[in-house]
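By convention in this document, chain letters (A, B, ...) are assigned in the order of the sequence lines, proteins followed by strands, and residues within each chain are numbered from 1.
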Number of protein chains: 2
Amino acid sequence: MIDTKQKILDTAERLFGEQGFRATSLRQVIAAAKVNVAAVHYHFGSKDDLLDAVVDRKAGPVTVARMEWLDRVEAEAGTGPLNVEDVLASFLMPTAEMAQSNPTFVRLMGRMLSEGMMPSIVERHFRESAMRFVMALARAVPHLGREELMWRVHFMIGAMAHTLTGQPAMHMVDMSTDFPTRVRQLVKFLGAGFRAPAEREEN
Amino acid sequence: MIDTKQKILDTAERLFGEQGFRATSLRQVIAAAKVNVAAVHYHFGSKDDLLDAVVDRKAGPVTVARMEWLDRVEAEAGTGPLNVEDVLASFLMPTAEMAQSNPTFVRLMGRMLSEGMMPSIVERHFRESAMRFVMALARAVPHLGREELMWRVHFMIGAMAHTLTGQPAMHMVDMSTDFPTRVRQLVKFLGAGFRAPAEREEN
DNA sequence: GTCTATACTGAGATAGAC
DNA sequence: GTCTATCTCAGTATAGAC
């Protein structure tokens, strides 16, 4: 069939998102997609490369939406100060929107960040937009030095990844809360964190 | 030998912390510990149970330190208001202290939280102290409703886990920053997040 | 070019001899 | 308590049918 590739991609996206990448075997994927084992390797090369292709197919639009959102925020700010929450929203809201239509893929993205899964894949897909995002953040919170800003970005990624996966570490939180609400709360929480004063240099 | 168990535990702790749990095979562990494959299954039952035992051995003291720290914070506050940052420090600083002497184990704890690894293990080891911690937090930020507090705790766990693993998602951050400095910055960031005003109920 | 059948290696687990 | 042998299932590689 012509759409063997499609079937593999669709099935892999679903199973990786639902069960996690490592917890899903290729044999599960090929059974669910009703194709042969070797087809995966023929079309994609390896399990890692399959993941890469799965992400490739869907990550582009999210990145574009993020950049457009950030464009608007920067245009509205003009030469004036940039609002932290607006910058954070430009990064997080497109994800929330995608989560409405495709929650499993968003979970997969969350997993990839938090499981430290395939750093090279994450990097290739997100690094460029992430860099622009960090620059906007630096402008929004100019009281922070580079080092301190980067640490807060690091904290942000952790919080974000953990929130996207939909996996409460303990049964603390109502995971049925819709994504836009989650993200609004996350933006507020992180915004306040970024606004917090810088440490005095005293070490 | 009598200390076969010990050797396995020590080696497993090191390799799991360095490489991750899933990325480490039992065969690596038994080779490094110079014991037989079956010894692991004899002493621990399974790879999962070995992880459990590894965590068991070291997690207790951290929990005790956390609870003692929280005792002090609550005693100092008396019936007055509880400081958020103090509560956060009670949870995070014992980890930072352990990280000084045993960084790999702390990385392993971080991985366990963020990889969604063995939820039952995490729960058994941390649930009780986590509940007391959440109650103290609720007292420190009484302006938050239950739901909103829990979401912020969720964000906190993500940020914390990501910070403990020592795995920067992209090469953004200087991982050589010592743990106490990291944790001080994290406490400040999270403290501001928890202090952020509650959302108006408008959905 | 696309796919199938099959075999190879290494993982975790288990039974049973010592 | 310890070790050998063996089982099942994972990811991967390749030869060859269409």
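Between the side chain of B/Arg27 and the base of C/dG10, no donor-acceptor pair of N or O atoms lies under 3.5 Å.
Of the candidates C/dA13, C/dT6, C/dT4, the closest approach to any side-chain atom of A/Val37 belongs to C/dT6. Residue A/Asn36 has its side chain nearest to C/dA5 when only D/dT2, C/dG12, C/dA5 are considered. Ranking C/dG1, D/dT2, C/dT14 by closeness to the A/Tyr42 side chain, first place goes to C/dG1. For B/Ser46, the side-chain atoms get nearest to C/dA13 when compared with the rest of D/dT12, C/dA11, C/dA13. Among the nucleotides D/dG11, D/dA13, C/dG12, the one closest to any side-chain atom of A/Ala38 is D/dA13.
Side-chain N/O atoms of A/His41 include one lying less than 4.0 angstrom from OP1 or OP2 on D/dT12. Between B/His43 and D/dT2, a side-chain N or O to OP1/OP2 separation shorter than 4.0 Å is present. Contact annotation: B/Ser25 does not reach the phosphate of C/dG10 (side-chain N/O to OP1 or OP2, under 4.0 Å).
Following rounding to the nearest Å, B/Leu50 (CG) and C/dA11 (P) show an atom-to-atom distance of 15 Å. As rounded to whole Å, 15 Å separates atom P of C/dT14 from atom NZ of B/Lys47. Rounded to whole Å, atom P of D/dT2 lies 14 Å from atom CD1 of B/Ile30. We find that CZ of B/Arg22 is positioned 15 Å from P of D/dA10, with the value rounded to whole Å. We find that CZ of A/Phe44 is positioned 16 Å from C1' of D/dT12, with the value rounded to whole Å. Rounded to an integer number of Å, the gap from CG of A/Asp48 to P of D/dG11 is 10 Å. As rounded to whole Å, 15 Å separates atom C1' of C/dG12 from atom CG of B/Leu51. Straight-line distance from the CG atom of B/Leu26 to the P atom of D/dA10: 17 Å, rounded to whole Å.
Figure legend: cation-pi geometry between B/Lys47 and B/Phe21, with NZ or CZ positioned under 6.0 Å from the six-membered ring centre and within 45° of its axis.
Taking the ring centroids of A/Phe189 and B/Phe194, they lie under the 6.0 Å cut-off.
A donor-acceptor pair is defined here as one N or O able to donate and one able to accept, closer than 3.5 Å; such a pair exists between the side chain of B/Arg152 and the backbone of B/Gly193. Distance alone, capped at 3.5 Å, is enough to place a donor-acceptor pair between the B/Glu148 side chain and the B/Glu199 backbone.
Applying the 6.0 Å contact sphere to CD of B/Gln28 captures more than 12 heavy atoms from other residues, nucleotides or ligands.
Two residues, B/Ala39 and A/Gly45, neighbour DNA chain D, and the one matched to the more 5' nucleotide by heavy-atom proximity is B/Ala39.
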